Amino acid sequence: MGVVIPKTVDCYRVGWKQEGKARPVRVRLDCQNRGDVEFVLIHSKRLKNTAKYSQVYLAPDRSKEQRQEHSLLVKKMNDLISADPTKHYFIRVCFAAKDQY
């Protein structure tokens, strides 16, 4: 697979402006197929290694149910970290089935 350069479809700030707090930017990309989406998300961790994009975080689109489920996983992970901070915890990324995309 070659280099994926998706086209930006939409871009806007989310939330209200607050002093001393950054507002997230939602960017919608036009990826041609599911493989492009996976490629972009898997390689997004490389952004941390650049000075300009070290604070950038990419996340897949999620339905309301998926957002609720992810929120519960994050809470559970935070509880586990509080209980034993010496261990390393993470949430494994899982992509939707092809028929859902």
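For clarity, every value in this text was computed on a predicted model and none was experimentally measured.
- The 12-atom threshold is exceeded at CZ of Arg23, counting heavy atoms of other residues, nucleotides or ligands nearer than 6.0 Å.
- The distance from atom CE of Met77 to atom CZ of Phe90, rounded to the nearest 0.5 Å, is 10.0 Å.
- Here Leu47 contributes atom CG and Lys45 contributes atom NZ; the two are 11.5 Å apart, rounded to the nearest 0.5 Å.
- Put simply, the side chain of Arg28 never gets that close to the backbone of Asp10: no donor and acceptor are under 3.5 Å apart.
- More than 12 non-hydrogen atoms from other residues, nucleotides or ligands lie less than 6.0 angstrom from OH of Tyr89.
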Residue pair His70, Ile91: steps toward the side-chain contact (heavy atoms from CB on, under 4.5 Å) verdict: CA-CA 9 Å; His70 186 262; Ile91 297 173; 4.2 Å; yes

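- For the pair Leu29 and Val27, the minimum side-chain heavy-atom distance is below 4.5 Å.
- Judged by distance alone, the side chain of Glu69 and the main-chain N or O of Gln66 form no donor-acceptor pair under 3.5 Å.
- Here Ile81 contributes atom CD1 and His88 contributes atom NE2; the two are 8.5 Å apart, rounded to the nearest 0.5 Å.
- Annotation for Arg26: atom CZ does not count as buried by contact number, only 12 or fewer foreign heavy atoms lying within 6.0 Å.
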Criterion side-chain contact (heavy atoms from CB on, under 4.5 Å) on Val14 and Val25, from CA distance to verdict: CA-CA 6 Å; Val14 179; Val25 177; over 6 Å; no

Stepwise side-chain contact (heavy atoms from CB on, under 4.5 Å) check, Ser71 with Lys75: CA-CA 6 Å; Ser71 178; Lys75 287 178 186 176; 3.9 Å; yes

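- Rounding to the nearest 0.5 Å gives a distance of 9.5 Å between CZ of Arg62 and CZ of Arg67.
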